[in-house]
Chemist: 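Quick one: the structure is below, and I'll ask about it shortly.
In each ligand, atom 1 is the first atom listed, and ligand 1 is the first ligand listed.
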Amino acid sequence: MGSSGQNTWKLEDHPKLPKGKTIALVVLDGWGENKPDQYNCIHVADTPTMDSLKQGAPEKWRLIRAHGTAVGLPTEDDMGNSEVGHNALGAGRIFAQGSDALILFQENCALWRRIKYISECFKNGTLHLIGLLSDGGVHSRLDQLQLLLKGASEHGAKKIRVHILTDERDVLDGSSVGFVETLENDLAKLREKGIDAQIASGGGRMYVTMDRYEHRLMNHKCDSLVLCKLLGEAPHKFRNAVEAVKKLREHPNANDQYFQPFVVVDENGKAVDPIVDGDAVVTFNFRADRMVMLARALEYHDFDKFDRVPFPKIHYAGMLQYDGELKLPSHYLVSPPEIERTSGEYLVHNGVRTFACSETVKFGHVTFFWNGNRSGYFSPDMEEYVEISSDVGVTFNVQPKMKAVEIAEKARDAILSYKFDQVRVNLQKGDMVGHTGDIQATIVACKAADEAVKMILDAIEQVGGIYVVTADHGNAEDMVKRNKSGQPLYDKSGNLQILTSHTCQPVPIAIGGSGLAPGVRFRKDVPDGGLANVAATVMNLHGFVAPSDYEPTLIEVADN
Ligand SMILES: O=C(O)[C@@H](CO)OP(=O)(O)O
Ligand SMILES: [Mn+2]
Ligand SMILES: [Mn+2]
């Protein structure tokens, strides 16, 4: 079963488990398991529902791996993230993920020849590289940018402009300065070789360009870094990028992810290089969700989310193809992992009616990522995806409850409607607020997430259904950087080093509900189970056996 090319969508019936139970599949975003202390916001927050799942039935609660090789990342030091987490949850298998593109680079010396489309602009045009300047490994990697610069310079690029986005969600706040200095050193070495290379512009990732699912651009059209690039305009002008990030950090409450856009100007105050006709542009992020909008702006002639005037004629390539369904962008450096035969597609073929919901900032997680980086429905008759609009114009520590209640209400109504067999949600609070580094707000967010879980579990109880509650990676359970022995770290000025990023912690998974068949329990023989084992588990609970190449199920049915 399961080989592509044949019509193998039909899943075998599970020998013991019935079909037809409504399953609520709840993914808490950024909700890991960690030792209890004051920086574990999940521990500090009042979370009676999640606590009761943990304490209630030991054979129905366990931890699973959500980082490193368990989700296709290169090493065990790589923290989990939503893309690889939801890919694994939905696909039931582990795929080598985007940050492995580095390895592909190293193996593929012919890369620049392969993308002649880009290098043919080197003779008369400028190469622009746009992306997240960070070694967080979630969206991009500094070492990949360095390889790109090396490759481009060796293959004839004479003029290179880098447009940087500063991070802080995957790395410590303030680290932008060091990353910019490193990049400036690399560019200085290229200049010594006669290549005109410099940083041309930048801004914080949350303020410019790395928007996702059309969240911010819909309302802040002019914030677009793309626009700044095209026009060479931005609210801030600096002579170089090191000066820019240092100055921007002086603003009260400044943090790297929210820097306003800046351009680097020459001695006459003129932007060093906007994008013009005949230039080549490469976006060097590998992760899709926050690059799709920019890719569309760079590639589509009829893009209308904001005004790009003027829209230059460029040759554009992405690090990866960001949307396999839309084939966007049409030119790319490294092939994306081909995530096919996802559980969502199988279940639709086997009559499972599905409802998926989250708010804008995480909507694609339970749809696009879940379905193997594919937009749209497999079958509009069998599926309904509902997006609740996220708050705009505020950082998430100001509205820490986000849309918890609204998502839970939609899920509740979908469950009570009896129109769906699977109701899938992402409850994002712990993660989105955790990324702000605001510990008090994250505690509020965790409580709100717990209340939302309760509302969904209550609805499942009413219809005699089953719940599966898990998370995609850690975040809110640890808000400080620690030394090897687990002690919180302080910076040179004695300030606690706040951890805004995800973690490498395992995440919980709980199953239950009055519809769960007697004897269902977690197996003991998959101790290393991870997110990719969840798909087969859920297929079982729908009454099916998973395809043989899926990671093994986490459950068994004990004879009573
Ligand atoms: O916000 C994001 O883009 C990432 C962190 O970089 O978080 P998540 O993987 O949870 O979406
Ligand atoms: Mn996430
Ligand atoms: Mn996150």
Chemist: Would you say the side-chain atoms of D450 pair up with the backbone N or O of T49, donor to acceptor, closer than 3.5 Å?
Modeler: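 Indeed, once roles are kept as given, a pair shorter than 3.5 Å links the two residues.
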Chemist: Please work out whether the ring planes of F369 and H86 are parallel, tilted or perpendicular, with thresholds of 30° and 60°.
Modeler: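 Correct class here is tilted.
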Chemist: Kindly give the heavy-atom pair with the smallest separation between S343 and Y550, and that separation in Å.
Modeler: N-OH, 3.0 Å
Chemist: Under 3.5 Å between any N/O of E83 and any N/O of ligand 1: does that happen in this structure?
Modeler: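 No, since none of the N or O atoms of E83 sits under 3.5 Å from an N or O of ligand 1.
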Chemist: To the nearest 0.5 Å, what is the distance between CD1 on I130 and CG on L165?
Modeler: 8.0 Å
Chemist: I want to check something: taking the side chain as every heavy atom from C-beta on, are V444 and K447 in contact at a cut-off of under 4.5 Å?
Modeler: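 Not touching, per the 4.5 Å side-chain cut-off.
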Chemist: Give me the atom names and distance for the closest heavy-atom approach of G32 to I42.
Modeler: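 Scanning both residues completely, I find the closest heavy atoms to be O-CD1, 3.6 Å.
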Chemist: Which of the atoms of ligand 1 are close to R287, meaning less than 4.0 Å from one of its heavy atoms?
Modeler: 3 (O), 8 (P), 9 (O), 11 (O)
Chemist: Less than 4.5 Å apart, any side-chain heavy atom of Q97 and any of I339?
Modeler: yes
Chemist: Please could you name the atoms of ligand 1 that R169 approaches to less than 4.0 Å, counting only its heavy atoms?
Modeler: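 Close to R169: 1 (O), 2 (C).
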Chemist: Could you tell me which atoms of ligand 1, counted from 1 in the order shown, lie closer than 4.0 angstrom to a heavy atom of N81?
Modeler: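 Counting from 1, the qualifying ligand atoms are 9 (O).
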Chemist: Heavy-atom contact check, 4.0 Å cutoff: does H473 meet ligand 1?
Modeler: yes
Chemist: What closest approach, in Å, do Q38 and V44 show between heavy atoms, and which atom pair accounts for it?
Modeler: O-CG2, 3.7 Å
Chemist: Side chain, backbone, both or neither: which part of M210 has a heavy atom under 4.0 Å from ligand 1?
Modeler: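 Near ligand 1, M210 shows nothing, with every heavy atom at 4.0 Å or more.
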Chemist: Would you please classify the geometry between the H163 ring and the H128 ring as parallel, tilted or perpendicular, with 30° and 60° separating the classes?
Modeler: parallel
Chemist: Is there a polar contact, in the sense of an N or O pair closer than 3.5 Å, between D289 and ligand 1?
Modeler: no
Chemist: With heavy-atom distances below 4.0 Å as the criterion, list the atoms of ligand 1 near V138.
Modeler: 6 (O)
Chemist: Consider ligand 1: state whether an atom of it lies below 4.0 angstrom from any non-hydrogen atom of M432.
Modeler: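 The answer is no: ligand 1 sits nowhere under 4.0 Å from a heavy atom of M432.
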Chemist: Quick check: D472 and ligand 1, any N/O pair under 3.5 Å apart?
Modeler: no
Chemist: Which atoms of ligand 1 are found less than 4.0 Å from any heavy atom of H435?
Modeler: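 Heavy-atom distances to H435 below 4.0 Å select 5 (C), 7 (O).
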Chemist: Just give me the atom name: the N, O or S atom of D472 closest to the Mn ion (ligand 2).
Modeler: OD2
Chemist: Quick one: nearest non-hydrogen protein atom to atom 5 (C) of ligand 1, plus distance?
Modeler: D170 OD1, 3.0 Å
Chemist: Around atom 2 (C) of ligand 1, find the nearest protein heavy atom and jot down its residue, atom name and distance.
Modeler: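 For this ligand atom, the closest protein heavy atom is R205 NH2, 3.2 Å.
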Chemist: Can you tell me the protein heavy atom closest to atom 1 (O) of ligand 1 and the distance?
Modeler: R290 NH2, 2.9 Å
Chemist: Table please: side-chain donor-acceptor pairs of residues 284-291 below 3.5 Å, with sequence neighbours left out.
Modeler:
| from | atom 1 | to | atom 2 | distance (Å) |
| --- | --- | --- | --- | --- |
| N285 | OD1 | L132 | N | 2.9 |
| R287 | NE | D289 | OD1 | 2.8 |
| R287 | NH1 | N81 | OD1 | 3.1 |
| R287 | NH2 | D289 | OD2 | 2.8 |
| D289 | OD2 | R212 | NH1 | 2.7 |
| R290 | NH1 | M210 | O | 2.9 |

Chemist: How close does the nearest protein non-hydrogen atom get to atom 10 (O) of ligand 1, and which residue and atom is it?
Modeler: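 Its nearest protein heavy-atom neighbour is S82 OG, 2.6 Å.
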Chemist: Please list, in chain and residue-number order, the protein N/O/S atoms closer than 2.8 Å to the Mn ion (ligand 3).
Modeler: D431 OD1, D431 OD2, H435 NE2, H502 NE2
Chemist: What's the spacing between F355 CZ and I415 CD1 if we round to 0.5 Å?
Modeler: 9.0 Å
Chemist: Please lay out, stage by stage, how K410 and V423 fare under the test side chain to side chain contact (heavy atoms under 4.5 Å, CB included).
Modeler: CA-CA 10 Å; K410 284 274 185 249; V423 172; over 6 Å; no
Chemist: Does L133 reach the side chain of L142, with side-chain heavy atoms less than 4.5 Å apart?
Modeler: yes
Chemist: So, applying salt bridge (charged side-chain N to carboxylate O under 4.0 Å, His left out) with R374, which one of E340, E338, E325 is it?
Modeler: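 Only one of E340, E338, E325 forms a salt bridge (charged side-chain N to carboxylate O under 4.0 Å, His left out) with R374, namely E325.
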Chemist: Of the non-hydrogen atoms in E359 and D391, which two are nearest, and what is the gap between them?
Modeler: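 That would be OE1-N, 4.4 Å.
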Chemist: So which bit of H86 gets within less than 4.0 Å of ligand 1, heavy atoms only: side chain, backbone, both or neither?
Modeler: neither
Chemist: What residue and heavy atom of the protein are closest to atom 4 (C) of ligand 1, and at what distance?
Modeler: H139 NE2, 3.8 Å
Chemist: Please determine whether a side-chain nitrogen of the Lys or Arg among D472 and K362 lies less than 4.0 Å from a carboxylate oxygen of the Asp or Glu.
Modeler: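 Looking at D472 and K362, the cut-off is not met.
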Chemist: Under a 4.0 angstrom heavy-atom cut-off, which atoms of ligand 1 come close to K362?
Modeler: 8 (P), 10 (O), 11 (O)
Chemist: With heavy atoms only and a cut-off of under 4.0 Å, state how D29 meets ligand 1: side chain, backbone, both or neither.
Modeler: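 The answer is the side chain.
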